[in-house]
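Here the structure comes first, spelled out in structure tokens, and everything after it is commentary.
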There are 2 protein chains.
Amino acid sequence: MQVQALAKELHYEPNQTAIFFQQKKTFTIGIVLPELSEAFFSAAISGIEDTANKHNYMVLLGQSHDDESREKKIVEIMKNHRVDGLLVSITKNTADYSHFEMLKHYDIPVVFFDRIPNLTDIHYVACNMQSGTLQAVSLLLEQGHRVIGMINGPEKLIASQQRTSGYQQALQKRRLKFDASLVVSSDLTKEGTRVAMQQLLAHKRKVTAVVAFNDYVSQDAVQYALEQHLEINKDITFVSYANLPLSSYMAYPPIASVEQYPYQQGQKATEILLELLAAPDKTDTFHKITLDSRLVLAPGR
Amino acid sequence: MQVQALAKELHYEPNQTAIFFQQKKTFTIGIVLPELSEAFFSAAISGIEDTANKHNYMVLLGQSHDDESREKKIVEIMKNHRVDGLLVSITKNTADYSHFEMLKHYDIPVVFFDRIPNLTDIHYVACNMQSGTLQAVSLLLEQGHRVIGMINGPEKLIASQQRTSGYQQALQKRRLKFDASLVVSSDLTKEGTRVAMQQLLAHKRKVTAVVAFNDYVSQDAVQYALEQHLEINKDITFVSYANLPLSSYMAYPPIASVEQYPYQQGQKATEILLELLAAPDKTDTFHKITLDSRLVLAPGR
DNA sequence: AAAATTTACGCAACCGTTTGTGTTTACTTT
DNA sequence: AAAGTAAACACAAACGGTTGCGTAAATTTT
């Protein structure tokens, strides 16, 4: 009792690094994601940070810039910094998952979000693009469009497969048949998207609507269409994904956009990670959370 | 020599937390900034991260969301986590700087960037808005505009004062006289900007051009002008700040935007901080770096 | 008031490195 | 081959907490 008083008297403050060391715990979680400048990820971070801070955890940040080797390096450094756990959204190129497997030997749990690897024994939170795509294509069909192009992302991304699947499902519901040549791939660069759009416009059937991989792809495609002297929302209509806050300022925003709930994904992924950290033994049952995406009409539609 | 070999043999890996503890150094720097979703800050982070990683430092992130009490809390937690140093861009409301002063007792150096407090004994990197504003207003004057409105930010921000000063200077160079009622303030919310724009349009002289505080403000002002049935770039022309990457997709992008070099600011601030960490004794001379802002014409202008 | 119980505190050991000193071993020099 | 020098390693102390144990002090019980 007297020592407590004296401690206060002398403004004693414990040395956290000593505590971290002794407790083998740093109250830090690492975030590894591709690109902070994408609105989706900065929103996700807010969800992560808010949840982490609520439980007195801090977040260590690392951007992979969609470069696999950089992703590996960041994971390595974070491992060395002894983060308690990791939240990861993988690169669009990541094919080798050894740097994540390796973490198991160090008892560092990983929860993936949004861009998740194609593995079975992992924890993840993702947004199923199928439901949103189904709604998007259905909307276009209702409006009378019959030749609907899709600019998809890299084929190995699960999110790309889900988009294709949602597209097919919408057609199926109306007993329409699926034409695989209407689904083209973009590497998500401006140039890649322009090539993809060119393919669609060169299709033997006249494409009157396009489902674009995201709002950025949508805008690049719009730009290309304008250069080909097409009139947006008359000759050709766009629907996309992400629902960027800036879309209301855009010259030709998509008529609707599929919301992917970045904040919620970040929040949920963090909650799962914190749960794993609290009960380190029961790491054998895997959390696989899938939120449904949802189509949001542009204001005024 | 033999022990080295054996170490490799057994895959020995040093425990970083023990090293941190022993060395009284965590190789971590904290970043405190208002809002990641603003393109300016996510670009700044990239500059910070790249520089930090190059020197084997990691970054701890904290968003204040422009809330002073949250800023204080983040600084407190980061202090406890024993970051080696801090990079800070303050809240637009921060008036009390005690949470930063306090860090001196813990030998945690702070380098401010972009949004810097009005103190003399600090390190900072900022971008002088005066030069860019001078260029912006000069451009408008060259184009024949004589009644140029300015939607400025909160008056106590140094960046706002610099904008006003640049505006005045441009007029002075041409021997034109300054009309203070043409400079109005916005709190940077959509509503605040609309009110500001309303004031300008109600001015007794007909405003034909507007210098907006940033690209977001510019777009809100554009929206209001459209609602008033003004034709953009004919009845009224806009110039703004930030040079958002998305501006090329916007319906009515400003004809020019003042670049504030977020990546470079982040980079430079980090370099200074690392230098302070390397030479902890000579902390008495303060680094005050000011980059010049520069007007960038919209593509095709 | 004596015994039993609770609370407070002092003391060591430990976590895994770094640093410094001392000792041994190996290699050079003459 | 003896002496001198360099390299390699072993050992202890320290960083600042936590944990557990033993003892002293304060409190409660009978």
Side-chain angles (χ1 to χ4, degrees), chain A residues 1-30 52-53 55-60 73-86 99 102-109 273-274 276-281 283, chain B residues 1-30 52-53 55-60 73-86 102-109 273-281 283:
Chain A
M1 224 69 266
Q2 295 180 46
V3 322
Q4 306 271 351
L6 187 63
K8 202 157 287 173
E9 177 72 19
L10 301 178
H11 301 106
Y12 166 78
E13 291 184 47
N15 179 336
Q16 286 286 357
T17 57
I19 299 177
F20 294 158
F21 165 56
Q22 199 277 139
Q23 307 250 293
K24 298 172 187 308
K25 205 165 177 327
T26 59
F27 288 94
T28 305
I29 65 187
N53 286 354
H55 294 81
N56 288 309
Y57 276 76
M58 287 258 86
V59 297
L60 260 191
K73 202 155 129 196
I74 292 171
V75 170
E76 174 73 18
I77 301 179
M78 288 199 171
K79 182 207 75 189
N80 289 341
H81 265 251
R82 291 289 203 273
V83 294
D84 293 337
L86 230 40
H99 49 309
M102 168 268 282
L103 293 172
K104 289 184 182 165
H105 305 309
Y106 295 91
D107 277 314
I108 300 178
L273 183 58
L274 291 174
L276 290 172
L277 292 177
D281 41 339
T283 179
Chain B
M1 226 68 262
Q2 295 181 47
V3 323
Q4 305 272 349
L6 187 62
K8 203 156 286 173
E9 176 73 19
L10 301 178
H11 301 106
Y12 165 76
E13 290 186 46
N15 179 336
Q16 286 287 357
T17 56
I19 299 178
F20 295 158
F21 164 56
Q22 200 279 138
Q23 307 249 290
K24 300 172 185 306
K25 204 163 178 327
T26 59
F27 289 94
T28 305
I29 65 188
N53 286 355
H55 295 80
N56 288 310
Y57 277 76
M58 287 258 85
V59 297
L60 260 191
K73 203 155 127 197
I74 292 171
V75 170
E76 176 73 19
I77 301 179
M78 288 198 171
K79 181 208 75 188
N80 288 341
H81 265 252
R82 290 290 204 275
V83 294
D84 293 337
L86 230 40
M102 168 268 282
L103 293 172
K104 289 184 184 167
H105 305 309
Y106 295 90
D107 276 315
I108 299 177
L273 183 57
L274 291 174
E275 194 184 318
L276 291 172
L277 292 176
D281 40 340
T283 180

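Residues B:Thr17 and A:Thr17 have side chains not in contact (no heavy-atom distance under 4.5 Å, counting atoms from C-beta outward). Side-chain contact between B:Leu86 and B:Leu103 is present, with at least one heavy-atom pair separated by less than 4.5 Å. Within the 4.5 Å cutoff, no side-chain heavy atoms of A:Val83 are placed close to those of A:Ile29. Here the side chains of A:Thr28 and A:Asp84 are not in contact, with every heavy-atom distance at 4.5 Å or above.
Per the geometry, CG belonging to B:Asn80 stands 12 Å off P belonging to D:dG17, to the nearest Å. Atom CG in B:Asn15 sits roughly 14 Å away from atom C1' in D:dC15 (whole-Å rounding). We find that CZ of B:Phe21 is positioned 14 Å from P of C:dT19, with the value rounded to whole Å. Atom CZ in A:Phe20 sits about 17 Å away from atom P in C:dG16, given to the nearest Å.
Not one side-chain nitrogen or oxygen of B:Lys24 sits closer than 4.0 Å to the OP1 or OP2 atom of C:dT18.
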Would you tabulate the side-chain donor-acceptor contacts of residues 74-81 of chain A under 3.5 Å, counting partners in other chains and residues two or more places apart, or write 'none'?
from    : atom 1 : to      : atom 2 : distance (Å)
A:Glu76 : OE2    : A:Lys79 : NZ     : 3.1
A:Lys79 : NZ     : B:Glu13 : OE1    : 2.9

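A:Phe21 and B:Phe21 have parallel rings, their planes meeting at less than 30° on a 0 to 90° scale where 60° marks the start of perpendicular.
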Look for any protein N or O under 3.5 Å of an N or O in nucleotides 18-20 of chain D and output each such pair with its distance, or none.
from   : atom 1 : to      : atom 2 : distance (Å)
D:dT18 : O4'    : A:Gln22 : NE2    : 2.9

